[in-house]
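Input: a single structure, listed below in structure tokens.
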Amino acid sequence: MRYGVLGTGIVGQTIATKLVQLGHQVMMGSRTAGGDKAKSWAANAGDLATEGTFADAAGFAETIVNATAGGASIEALKAAGTENISNKVLIDIANPLVFGDSGMSLSVCNTDSLAEQIQREFPQARVVKSLNTMSATVMTSPAALNGDHNVFVAGNDAEAKSAVAMLLQSFGWPLERIIDIGDSSGARGLEAYLLLWIRLFQTTGSPDVNIALVKKS
């Protein structure tokens, strides 16, 4: 399959590298073609890896991964082009974090989410929120942590969520550990969790932590 990964940070590079390792064609997208990070990644990732602009990557892709900074995601997707996004699965990994003097907060929360904003801005896109609740290492290598733990999906399109669940399984997530929390409004909880994840990171000294859902039998 052809993937367009928008974003050149550690999350984008980790996801893109995993996809190449699984045999997919991947184009990494950034604001301008030929950026140092994207060029370096493509040169080291192998023959299945290329780079270009956001629009290049989105147009190339069958499935798009939004790994841009949350505050810039809407603008990045506008640059990618509505015509390049429409009718495609768009996996939204971004978080609307704001870095301020008093610590981190969310630019959108409670009654809305970044994923919902993306879905409204691009109504023909098949947006699925997932993987935003953990580090890049855990996203692509769940076995790096001991024991069972969970990944979540939220979105309005059931077929798109099934497609994302299949991708997650190829990353090593057992099907029973993938939890569908409903429509796109479920992203509000997934994005809000980042504030707790940051505290857990600070407390444990490691970003490679995750949560497991347990319930009364």
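Model, not experiment: these values are computed from the prediction.
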- prompt: Does a side-chain N-to-carboxylate-O contact under 4.0 Å join E116 and K129?
  reply: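 K129 and E116: not salt-bridged.
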
- prompt: Less than 4.0 Å between a side-chain N and a carboxylate O, is that true for D183 and K161?
  reply: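 Between D183 and K161 there is no salt bridge, as every charged N stays at least 4.0 Å from the carboxylate O atoms.
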
Quick one: does [X]'s side chain get under 4.5 Å of [Y]'s, heavy atoms only?
{"X": "W197", "Y": "P207", "value": "yes"}
{"X": "T32", "Y": "T53", "value": "no"}
{"X": "F54", "Y": "D56", "value": "no"}
{"X": "R126", "Y": "L90", "value": "no"}
{"X": "M104", "Y": "V98", "value": "no"}
{"X": "Y3", "Y": "M27", "value": "no"}
{"X": "I211", "Y": "N150", "value": "no"}
{"X": "V127", "Y": "N156", "value": "no"}

Give a yes or no on whether [X] and [Y] share a hydrophobic cluster (residues Ile, Leu, Val, Met, Phe, Trp, Tyr; joining criterion: side-chain heavy atoms under 4.5 Å apart).
{"X": "L195", "Y": "F99", "answer": "yes"}
{"X": "V128", "Y": "F122", "answer": "no"}
{"X": "L145", "Y": "V151", "answer": "yes"}
{"X": "L200", "Y": "L97", "answer": "yes"}
{"X": "L6", "Y": "I10", "answer": "no"}

Considering all heavy atoms of both residues, which atom of [X] and which atom of [Y] are nearest to each other, and what is their separation?
{"X": "C109", "Y": "L106", "result": "CB-CD1, 3.9 Å"}
{"X": "V108", "Y": "Q117", "result": "CG2-NE2, 3.7 Å"}
{"X": "A94", "Y": "G70", "result": "CB-CA, 4.0 Å"}
{"X": "L190", "Y": "A154", "result": "CD1-CB, 4.4 Å"}
{"X": "A55", "Y": "N84", "result": "O-ND2, 3.5 Å"}
{"X": "A187", "Y": "A115", "result": "CB-CB, 3.6 Å"}

message: With side-chain contact (heavy atoms from CB on, under 4.5 Å) as the criterion, how do I118 and L77 come out once you've worked through the C-alpha distance, each side chain's angles and the decisive distance to 0.1 Å?
response: CA-CA 8 Å; I118 292 171; L77 290 166; 3.7 Å; yes

Is atom [atom1] of [X] surrounded by more than 12 heavy atoms (other residues, nucleotides or ligands) closer than 6.0 Å?
{"X": "Q202", "atom1": "CD", "result": "yes"}
{"X": "R31", "atom1": "CZ", "result": "no"}
{"X": "K88", "atom1": "NZ", "result": "yes"}
{"X": "R120", "atom1": "CZ", "result": "yes"}

message: Quick one, T8 with S30, criterion side chain to side chain donor-acceptor pair (under 3.5 Å). Give me CA distance, side-chain angles, the key distance, then yes/no.
response: CA-CA 7 Å; T8 60; S30 52; 5.9 Å; no

query: Hey, is the main chain of D208 close enough, under 3.5 Å, to the side chain of S206 for a donor-acceptor pair?
result: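 Such a contact is found between S206 side chain and D208 backbone.
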
task: Determine whether the side chains of T14 and T140 contain a donor N or O and an acceptor N or O closer than 3.5 Å.
output: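 No - no donor-acceptor pair under 3.5 Å links their side chains.
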
Under 3.5 Å side-chain donor-acceptor pair for W41 and T17: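 Per modelled atom types, W41 and T17 side chains form a pair under 3.5 Å.
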
Hey, what do you get for [atom1] ([X]) to [atom2] ([Y]), rounding to the nearest 0.5 Å?
{"X": "L114", "Y": "N95", "atom1": "CG", "atom2": "CG", "result": "8.0 Å"}
{"X": "I93", "Y": "T133", "atom1": "CD1", "atom2": "OG1", "result": "10.5 Å"}
{"X": "D180", "Y": "S162", "atom1": "CG", "atom2": "OG", "result": "8.0 Å"}
{"X": "S40", "Y": "E51", "atom1": "OG", "atom2": "CD", "result": "10.5 Å"}
{"X": "F171", "Y": "K18", "atom1": "CZ", "atom2": "NZ", "result": "7.0 Å"}
{"X": "M134", "Y": "Y193", "atom1": "CE", "atom2": "OH", "result": "8.0 Å"}

message: With side-chain contact (heavy atoms from CB on, under 4.5 Å) as the criterion, how do I15 and M139 come out once you've worked through the C-alpha distance, each side chain's angles and the decisive distance to 0.1 Å?
response: CA-CA 8 Å; I15 292 288; M139 291 177 193; 4.1 Å; yes

task: List the steps, then state whether side-chain contact (heavy atoms from CB on, under 4.5 Å) holds for N110 with D112.
output: CA-CA 6 Å; N110 297 329; D112 202 1; over 6 Å; no

query: Are W173 and V138 close enough, and set up right, to give a side-chain contact (heavy atoms from CB on, under 4.5 Å), and what steps lead you there?
result: CA-CA 10 Å; W173 290 96; V138 179; 4.2 Å; yes

